[in-house]
S.K.: 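Mind having a look at this structure? Questions to follow.
Lettering follows sequence order; numbering is per chain, from 1.
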Amino acid sequence: MTWSRDEMAARAAAELTDGQHVNLGIGIPTLITGHLRDRAIMLHSENGIMGLGGYPLPGDEDADIINAGKETATTVAGSSFFDSAMSFAMIRGGHIEVAILGAMQVSVAGDLANWTDDGARVKGMGGAMDLSVGAKKVIAVMTHRTREGQLKLVRECSLPITARAAVSTVITDIGVFDVREDHFRLREIAPGVPALDPELSRMLRPGR
Amino acid sequence: MTWSRDEMAARAAAELTDGQHVNLGIGIPTLITGHLRDRAIMLHSENGIMGLGGYPLPGDEDADIINAGKETATTVAGSSFFDSAMSFAMIRGGHIEVAILGAMQVSVAGDLANWTDDGARVKGMGGAMDLSVGAKKVIAVMTHRTREGQLKLVRECSLPITARAAVSTVITDIGVFDVREDHFRLREIAPGVPALDPELSRMLRPGR
Amino acid sequence: MSKIAESAGAAVADITDGRTIAIGGFGLCGTPSALIEALLQSGATDLHIITNNCGPDSSDVTRLLRAGRVRRVSASYIGDNSEFLNSYLGGAITVDLIPQGTLAEKLRSGGAGIPAFYTPTGVGTAVAQGGIPVRYGSGSGFAAEYSAPRHVAEFDGREYLLERSLTADFALVRAETADTIGNLRFRGAARNFNPLCAMAARVAIVEVQEVVEAGGIPPDDVHLPGVFISRVVDLGGRMRKPIERLRTTDPVPAGGGSHGL
Amino acid sequence: MSKIAESAGAAVADITDGRTIAIGGFGLCGTPSALIEALLQSGATDLHIITNNCGPDSSDVTRLLRAGRVRRVSASYIGDNSEFLNSYLGGAITVDLIPQGTLAEKLRSGGAGIPAFYTPTGVGTAVAQGGIPVRYGSGSGFAAEYSAPRHVAEFDGREYLLERSLTADFALVRAETADTIGNLRFRGAARNFNPLCAMAARVAIVEVQEVVEAGGIPPDDVHLPGVFISRVVDLGGRMRKPIERLRTTDPVPAGGGSHGL
């Protein structure tokens with residue numbers, strides 16, 4: 001068995017410490033909100049919100065309160081609104097303790113690739129490069145293989161890089177991997193996952 | 001006869017156009033406020049005010065509302081408060097149409113010296129360098145001679161420079177001089193001022 | 001010295017062909033619809049638009065594109081928008097893709113008289129190395145022009161790249177409230193790039209939901225001082241605020257709490 | 001997760017010798033008196049103080065100097081203060097004189113993760129060329145150390161100099177109102193350098209006139225988000241606000257107006 005998307009989100013939530021300011025990327029990371037009830041966590045939204053809440057109740061939608069995915073949102077007690085320069089000052093200046101981002105590839109060195117799936121048809125990096133460089137700690141959340149079956153945990157990224165040496169922990173459907181410069185450390189394996197793929201096992205050992 | 005300090009201030013006020021945002025330096029420039037009644041001029045104070053007013057009435061003093069000279073002050077309708085980075089963003093970014101500054105020396109090239117009277121006992125430049133570089137137009141207001149009788153309108157500044165080629169107009173006790181790169185143009189002479197000093201007259205002609 | 005313009009059309013009338021225009025908003029949120037509509041009506045063309053993202057296909061900025069009035073776009077993201085993506089990939093427009101935080105800082109710096117700054121964002125990526133497609137060959141599917149590499153310098157043992165600031169001829173922005181001399185208040189996350197675009201422009205034009213007298217906004221509560229604003233268009237409560245992605249939640253079950261410090 | 005500290009003393013207790021401390025305020029306006037007093041009591045010494053100007057001889061920062069606790073000052077102005085001036089000219093302290101706008105930008109950039117930026121301020125002056133006395137020989141009256149020249153570069157035909165940003169170990173700042181998680185509102189011109197010092201510091205400590213519950217400051221009205229603040233000291237309405245230069249005016253004669261747009 002592997003972890004579902006929601007189980008991965010729950011596992012990522014468990015990496016957070018109360019009191020932290022956290023930015024959640026688009027994709028699986030947005031599911032983490034559902035696992036933060038009663039947690040003393042402030043969510044940062046790159047479009048200018050500290051203290052993002054969940055979706056509004058029907059009828060309470062406000063076009064001026066949206067998250068970075070352009071979805072209607074709410075705010076929690078103690079929230080604030082600010083402009084985009086201030087929002088990225090928080091990110092780039094290291095004031096956001098954790099960013100949890102979706103990923104296409106993560107290398108043993110913590111290189112992150114998540115902004116474009118090939119170099120020829122780019123749509124833009126949005127805030128991904130700022131977040132991965134600026135947050136004090138970056139956690140990547142992704143399935144460990146592509147739909148086509150290729151490993152997304154890699155020795156070196158083949159896709160265009162979002163940031164070098166950015167990711168410290170990768171939460172996947174098969175377990176939790178810590179980035180250790182020249183290898184991954186398997187910190188936790190999802191219950192019932194069979195023996196690791198030999199290619200992945202090799203990445204648990206130092207060197208190339 | 002020469003213009004008094006207050007007459008110089010009045011003459012400087014006449015250089016302003018309604019609708020402008022203006023920063024007044026310390027010294028004679030602060031007297032200009034008295035000549036702006038019913039003028040559509042917004043005064044900028046470097047410590048974080050747009051829309052500075054005059055001094056408060058007795059009993060209305062507020063320790064949180066001071067001008068750049070640290071004197072108690074007031075604000076006008078439509079004023080705003082902001083932090084010092086924003087205040088100097090306005091200045092440096094060219095959003096302040098005019099700065100009127102006191103000066104120790106101004107050269108024919110518009111070089112301004114007003115931040116320290118000698119290089120060995122400096123007290124700091126405060127906002128002088130930002131203002132003289134950033135304001136769209138810089139007007140210097142000063143007596144044309146030091147107390148010791150030396151000309152303050154000069155070919156080249158002997159004092160440490162605040163900014164190069166910054167000043168466009170100099171208002172003095174004997175008249176109004178426009179900076180013309182390699183000479184001063186005498187635009188207006190104070191009524192009753194006798195023939196100009198030969199040294200000053202030479203500076204009204206191009207070249208050294 | 002009121003800055004209230006007669007109409008949106010009058011406010012944008014001097015925007016001539018070839019101008020660079022910074023447009024506020026994040027997708028549909030905080031985007032100055034009425035001013036963009038007026039710009040569309042004005043006929044100005046060959047425009048360079050600076051805007052964070054172009055919104056969905058239904059966005060006002062997309063209408064400018066569809067009408068063939070956009071030469072170049074500087075943005076952090078042009079996905080979610082098939083028109084922009086196709087115009088880019090088809091070689092019809094030039095696109096500068098800029099990390100969102102760098103774009104925000106470029107505008108803020110441009111407005112603040114800072115011509116260039118170093119940033120860690122993009123080090124070791126195609127932003128630093130150059131090679132992001134800027135323009136595709138017409139119909140070829142191949143890039144005809146790539147972004148230039150950035151100068152990289154080391155400070156205290158870490159690498160940073162040098163970014164030039166951005167300024168614009170005009171800004172079109174949206175706020176909730178203005179006073180007659182252009183002091184602004186924004187609402188919620190509709191603030192986003194609006195103050196920054198206004199700061200970066202030689203002439204900043206704002207559309208607002210309501211106008212109050214000078215002094216009607218307490219000086220401590222002004223979000224953007226009027227010194228940055230040239231013209232105010234009063235929409236008189238008729239501001240259109242579309243929602244890009246409507247999401248709602250079921251009522252919280254009894255005993256359910258919320259997060260937050 | 002309340003950030004309310006037990007006392008000013010408790011809030012500054014971990015400021016050890018040799019630290020760099022950014023202190024908000026402009027002269028006496030907006031200066032965090034209670035926190036500086038607590039720092040004085042704490043005994044921490046060999047401090048590097050970053051503050052715009054040191055206020056008059058009666059200022060709290062001057063008391064730190066008089067007690068021999070200041071090694072270095074980074075400021076835009078140390079006039080109006082004979083103690084600072086004499087300590088500087090007598091070689092007792094090192095002083096970095098920085099143009100005020102550059103100082104503000106260095107702090108803001110330091111807090112925003114921008115390590116360096118180009119600015120026109122100081123081009124062609126001793127700031128660019130170097131040579132501003134930083135330290136005088138003990139009692140000699142001659143400078144023993146001068147400021148370093150800045151790297152100068154040209155952008156679009158105009159010269160700019162490169163300035164490094166500033167960060168601090170701690171910030172001591174003052175605001176009018178905080179909520180329990182450190183969201184701040186300032187009052188009038190007491191805002192000045194306070195938000196910037198807080199942004200630039202690893203640990204920012206604020207003293208406030210009053211504390212409200214989280215949510216007590218509407219999110220559109222927060223001047224500085226609590227993410228930048230580590231500790232809040234509640235002065236419970238007992239904030240001292242001295243006036244540096246009291247000036248008043250006679251009541252305006254009938255018919256007299258005021259200026260303004």
Side-chain angles (χ1 to χ4, degrees), chain C residues 1-3 101-102 104-106 108-110 112-121 123 151 153-165 167 175-177 179-183 185-191 213-215 217-223 225-227 229 258-261, chain D residues 1-3 101-102 104-106 108-110 112-121 123 151 153-165 167 175-177 179-183 185-191 213-215 217-223 225-227 229 258-261:
Chain C
M1 302 301 289
S2 167
K3 294 178 180 170
T102 299
E105 193 67 16
K106 277 171 177 268
R108 189 257 173 207
S109 290
I114 301 293
F117 57 89
Y118 283 96
T119 176
T121 301
V123 167
H151 171 70
E154 201 175 294
F155 297 101
D156 297 332
R158 189 177 172 192
E159 285 191 341
Y160 298 88
L161 55 86
L162 184 66
E163 289 283 358
R164 293 292 311 275
S165 300
T167 55
E176 191 70 13
T177 307
D179 70 10
T180 51
I181 60 171
N183 288 307
R185 271 181 69 81
F186 303 93
R187 185 169 177 278
R191 193 178 321 187
E213 282 309 299
I217 303 175
D220 275 329
D221 293 337
V222 170
H223 289 154
V227 65
I229 298 295
S258 185
H259 59 277
L261 291 189
Chain D
M1 301 303 288
S2 166
K3 294 177 180 171
T102 299
E105 192 67 14
K106 276 171 177 267
R108 189 254 172 211
S109 290
I114 301 292
F117 56 89
Y118 284 95
T119 176
T121 301
V123 167
H151 171 70
E154 202 175 293
F155 297 102
D156 297 332
R158 189 177 172 192
E159 284 191 343
Y160 298 88
L161 55 86
L162 184 65
E163 290 282 358
R164 293 292 310 274
S165 300
T167 55
E176 191 69 13
T177 307
D179 70 11
T180 51
I181 61 170
N183 288 306
R185 272 181 68 82
F186 303 93
R187 185 169 176 278
R191 194 178 320 187
E213 282 309 300
I217 303 174
D220 275 329
D221 293 338
V222 170
H223 289 155
V227 65
I229 297 295
S258 186
H259 60 277
L261 291 190

S.K.: Taking only residues two or more places apart in sequence, or in another chain, which ones meet C:K106 in a side chain to side chain donor-acceptor pair (under 3.5 Å)?
M.R.: C:E163

S.K.: D:H223 versus C:H223: any side-chain heavy-atom pair under 4.5 Å?
M.R.: no

S.K.: Mind checking what makes ring-ring contact (aromatic ring centres under 6.0 Å, His included) contact with C:Y160, not counting sequence neighbours?
M.R.: C:F155

S.K.: Could you pull out the closest heavy-atom pair between C:P120 and D:G113, with the gap in Å?
M.R.: CD-O, 3.3 Å

S.K.: Taking every non-hydrogen pair under 4.5 Å, which of D:A214, D:G188, D:P115 racks up the most with chain C?
M.R.: D:P115

S.K.: Give, as side chain, backbone, both or neither, the part of D:I114 having an atom under 4.5 angstrom from any heavy atom of chain C.
M.R.: both

S.K.: Looking only at heavy atoms and a cut-off of under 4.5 Å, which of C:R191, C:E105, C:R158, C:E176 has the most pairs with chain D?
M.R.: C:E105

